[in-house]
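See below for the structure under consideration.
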Number of protein chains: 2
Amino acid sequence: MLHEDVVGRIRAILLDGEIPPGARIPERELCERLQISRTPLREALKVLAAEGLVQLLPHRGSRAAKLTDKDMRDLFEVCQGLEALAGELACERITDAEIDAIAAVHANMVRHYRERDLIQYYRGNRAIHEAIVAAAGNPVLAGLYTSVTARIRRARYVTPMTPERWAVAVQEHDAILNALQRRDGVGLAHILRAHLRHKREEVLQAGFAETERTDLVPRIA
Amino acid sequence: MLHEDVVGRIRAILLDGEIPPGARIPERELCERLQISRTPLREALKVLAAEGLVQLLPHRGSRAAKLTDKDMRDLFEVCQGLEALAGELACERITDAEIDAIAAVHANMVRHYRERDLIQYYRGNRAIHEAIVAAAGNPVLAGLYTSVTARIRRARYVTPMTPERWAVAVQEHDAILNALQRRDGVGLAHILRAHLRHKREEVLQAGFAETERTDLVPRIA
DNA sequence: ACCGACAATTTTGCATTCAAAAATGTAGAA
DNA sequence: TTCTACATTTTTGAATGCAAAATTGTCGGT
């Protein structure tokens with residue numbers, strides 16, 4: 001197995017929550033499962049630690065990183081900035097065909113909304129955001145976006161929405177598509193930021209952060 | 001030596017250009033120099049590869065990454081986005097004391113400009129940009145900024161400037177400080193973007209990219 | 001002399017091994 | 001019984017060893 005594949009496999013395990021945030025990462029088990037020895041596994045863990053998905057504690061092994069409220073806020077904030085930038089660049093560079101493709105995904109997503117199929121709705125939703133970033137034609141930006149969004153993926157695409165919030169989100173997506181079609185970069189950036197700000201507020205309100213707050217858990221006695 | 005230190009040492013060696021872009025990274029030599037074995041060295045190289053400073057070629061070792069014109073453009077583009085975001089956030093969160101500190105560095109930098117001391121000018125320049133990012137109070141943003149700017153540091157802070165361009169850059173910095181003092185986030189974001197766009201144009205014009213363009217080098221005969 | 005095939009050497013990537021550190025378990029004293 | 005000191009076990013972090021791959025060097029054919 002290639003180094004990048006090892007990193008990818010472990011990343012997937014972490015993102016799927018198979019090793020939940022805060023849990024210790026069992027080196028020996030993962031070695032058996034991936035059929036590799038500790039050397040390449042540990043190389044991968046250090047890479048993932050640099051990405052922020054793994055927390056390394058010297059002489060105490062590694063844990064799946066846990067996000068505090070502050071982390072979540074910071075990540076969303078950066079994500080807003082990256083998507084806004086992507087939106088502006090995309091409007092300069094996107095082709096008509098790419099816009100049409102996004103419009104199709106959008107229409108499909110709206111259908112899923114009408115059917116109240118949250119899973120499928122989120123799938124389309126994510127595809128649209130990623131397509132906009134891809135259309136920006138900037139691999140550096142795309143790379144940062146991937147690593148930042150990976151860390152908030154679960155919060156962003158799992159949180160249930162109130163009917164009101166969901167309706168607003170769909171409206172925002174109409175506006176996003178509209179700005180794209182008009183190639184209104186500034187407008188698109190604006191909408192994307194608001195869209196993500198709303199999502200962030202929702203996520204934080206839902207208390208989706210992963211802190212255990214052991215300091216608030218009273219000891220027995 | 002701690003893992004993070006190993007990464008830092010090698011990063012420094014690469015950023016100093018001691019191993020120039022495109023050159024092979026001599027594993028055995030580095031091991032001796034850092035007094036470590038190949039295992040921790042290779043862990044560090046994988047981390048640096050994930051950062052974009054090192055290029056790994058399967059079964060062919062690692063090289064110091066080389067930036068093409070496109071890479072340079074992309075990195076500057078992202079840097080613009082990050083600094084603009086940092087500027088907006090900084091205006092919301094910066095304290096009066098922090099602004100005063102930046103104003104002091106600014107005054108000093110202007111003095112170095114009058115003395116035509118490019119080295120010292122760049123030092124202050126960089127300190128100001130970093131202080132703005134720090135004032136944004138977002139460690140995630142700061143982290144991305146660090147890794148993106150590391151890759152363009154040499155291009156950004158070594159390129160000589162024409163007297164005209166230098167004068168304009170100083171004016172832009174006046175405007176940056178002014179926007180900060182007025183806590184005009186939108187304005188600051190605007191100026192920072194323009195400032196970096198100009199720098200990027202300058203760098204690209206100077207042909208600072210690190211591509212060898214072997215395809216353009218005519219063979220003998 | 002020049003090119004290509006084959007052998008020798010080097011380098012890479014990973015498994016294994018080993019010492020040090022941390023975690024765990026145990027026994028004895030209060 | 002409960003706490004602490006000590007021994008045992010486990011886990012971590014790094015060095016070494018080994019097989020596979022790539023590079024280099026050599027030789028024979030043209």
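Naming: A, B, ... by sequence-line order, numbering from 1 per chain.
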Q: With a 4.0 angstrom cut-off to heavy atoms of chain A, pull out the first and last contacting nucleotide of DNA chain C, in 5'-to-3' order.
A: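 First-to-last contact on DNA chain C, by the 4.0 Å heavy-atom rule, is dC14(C) to dA23(C).
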Q) Going 5' to 3' along nucleotides 6-19 of chain D, which nucleotides have protein heavy atoms under 4.0 Å from the base (write B), which only from the sugar-phosphate (write S), and which from neither (write -)? A) -----SBBBBBB--
Any [X] side-chain heavy atom under 4.5 Å of [Y] side chain:
X: E51(A); Y: R11(A); result: yes
X: I119(A); Y: H112(A); result: no
X: I13(A); Y: L30(A); result: yes
X: Q120(B); Y: N108(B); result: no
X: R200(B); Y: E77(B); result: yes
X: I176(A); Y: I102(A); result: no

Q. Does any N or O in the side chain of T149(A) come within less than 3.5 Å of the main-chain N or O of T146(A), such that one atom is a donor and the other an acceptor?
A.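 Answer holds: yes.
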